[in-house]
Amino acid sequence: MVLYKDAGVDIDAANTVKKRIKQLVKKTFSANVLSEIGLFGSLYQLTGYKKPVLVASCDGVGTKLLIAVMMNKHDTVGEDLVNHCVNDILTLGAKPLFFLDYIAYSQLAPATIQAVFKGLVRGCHNNNCALIGGETAQMPGFYKPGEYDLVGFIVGVVEKKKIIDSKKLSAGDILIGLPSSGLHTNGYSLARKIFFEIKKLQPNDKIKGLKNSIGTELLKVHRSYYPKLYPLLEEIKALAHITGGGFFENIKRLLPKNIACVINKNAWRVPKIFQLIQEYGNLPDSEMYRVFNMGIGMVVFVNRKLAAKILKKLNDGIVIGELIKGDFGVRIE
């Protein structure tokens, strides 16, 4: 007789982990959550809106997970995931409501799974978002032992009349950049190749100019801009979350016809981690600004007349460029 456990799936062990996770997850619940963890679906009651529009997004942490495995530190990648998704729907003016996770693995220690969920719970708690369900999938032979994939699904809400519409952007508008904490969740395949294959560094190695080891630097948590920006949305014309595609793709997608963007790369000091990637990889500026956020995680588009007022409220914002008439997309100079 061959049991499921003999094929690599231990149902009893999985159930034990889920019971522990359940206690963590309930800390994120609000009065709007009408169901318990463990049902076939989750119930969330929407209240307080006249013409609510739901905003949904899905994303992953990518190969930053491999840095977590190398460092044996798994309590931050969940927070990365939540913050990334929160930032994405924020660009449409949405407030996060609830979050769903998906974690898949072949063999993973229960302590590792719990650490991942600690990060998910912390991220949801900090963004006033309920973690109402998800899927934990054990898939023997599909992943290397100790490795896993992590994906998140978020749903938020915005009043229909308050949806941020980038079509209202015009020549003369100012771009304000908000600092990132590091690479956030993009460009890790290139960064890993440069640091660990080309330069043959170890994750605990320290490099001159960095306060932390290279691994710790690469695991810095993706910053959430929701707490700072949500109260200011009525004064903001558009937002660009600088993720995959860097400045070029993430800003270009917002530009109306015959409106172009000029960014002054000397307006801010590029963090050392990006300088090292460029130096060690011998990468041109065009590739760096296409792959990485270069120290700017969110770009805020505002009317020139309101720029000074908004800068004062943001306190860490930097004017990094402006919109002009043209059809060339994005230029960095």
Item to complete: Assess whether atom CZ of R192 is packed by more than 12 heavy atoms of other residues, nucleotides or ligands within 6.0 Å.
Response: yes
Discussion item. Is the shortest side-chain heavy-atom distance between T112 and Y148 below 4.5 Å?
Written reply: yes
Discussion item. Show me the pairs that pass salt bridge (charged side-chain N to carboxylate O under 4.0 Å, His left out) and involve residues 139-166, at least two apart or across chains.
Written reply: K162-E234
Response to the item:
Of all heavy-atom pairs linking A130 and Y44, the shortest is CB-CE1, 4.5 Å
Worksheet item: Is the number of heavy atoms from other residues, nucleotides or ligands under 6.0 Å of K95 NZ greater than 12?
Response: no
Worksheet item: Do side-chain atoms of N186 reach the backbone of V291 as a donor and acceptor pair under 3.5 angstrom?
Response: no
Discussion item. Can you tell me which residue among K220, H184, K64 is in a side-chain hydrogen bond (donor to acceptor under 3.5 Å, both in side chains) with D80?
Written reply: K64
Item to complete: Would you name the heavy atoms of G182 and N293 that are closest together and state the gap between them?
Response: O-ND2, 2.9 Å
Worksheet item: Within a reach of under 6.0 Å around CG of N315, are more than 12 heavy atoms found that belong to other residues, nucleotides or ligands?
Response: yes
Response to the item:
Note: I207 and Y280 closest approach over all heavy atoms is CG2-OH, 3.5 Å
Practice prompt. Check whether any side-chain heavy atom of N83 sits under 4.5 Å from a side-chain heavy atom of Y225, and report yes or no.
Written response: no
Worksheet entry | Donor-acceptor contact present, side-chain N32 to main-chain Q45, <3.5 Å | yes
Item to complete: Spell out, yes or no, whether V221 and L229 are grouped together once hydrophobic residues are joined by side-chain heavy atoms under 4.5 Å, including indirect joins.
Response: no
Practice prompt. Provide the closest heavy-atom pair for G93 versus Y230 in the form atom of the first, atom of the second, distance.
Written response: O-CE1, 3.8 Å
Practice prompt. Check for a donor-acceptor pair, side chain of E333 on one end and backbone N or O of N264 on the other, with a separation under 3.5 Å.
Written response: no
Worksheet entry | Nearest non-hydrogen partners of I263 and C261, listed with the distance | CG1-SG, 3.8 Å
Worksheet item: Do the charged groups of E249 and K252 touch, with an N to O distance under 4.0 Å?
Response: no
Item to complete: Grab the two heavy atoms, one from A240 and one from N250, that are nearest each other, plus how far apart they are.
Response: CB-O, 3.8 Å
Discussion item. Looking at S35 and S42, would you say the former's side chain and the latter's main chain have a donor-acceptor pair under 3.5 Å?
Written reply: no
Item to complete: Give a yes or no on whether I273 and Y289 share a hydrophobic cluster (residues Ile, Leu, Val, Met, Phe, Trp, Tyr; joining criterion: side-chain heavy atoms under 4.5 Å apart).
Response: yes
Worksheet item: In terms of side-chain geometry, is the basic nitrogen of K272 or E217 positioned less than 4.0 Å from the acidic oxygen of its partner?
Response: no
Worksheet item: Can you say whether the rings of H241 and H84 are parallel (under 30°), tilted (30 to 60°) or perpendicular (over 60°)?
Response: perpendicular
Worksheet entry | Side chains of F328 and V262 in contact at under 4.5 Å (non-hydrogen atoms) | yes
Discussion item. Using only atom types and a distance under 3.5 Å, with no angle test, would you say the side chain of D173 pairs donor to acceptor with the backbone of S170?
Written reply: yes
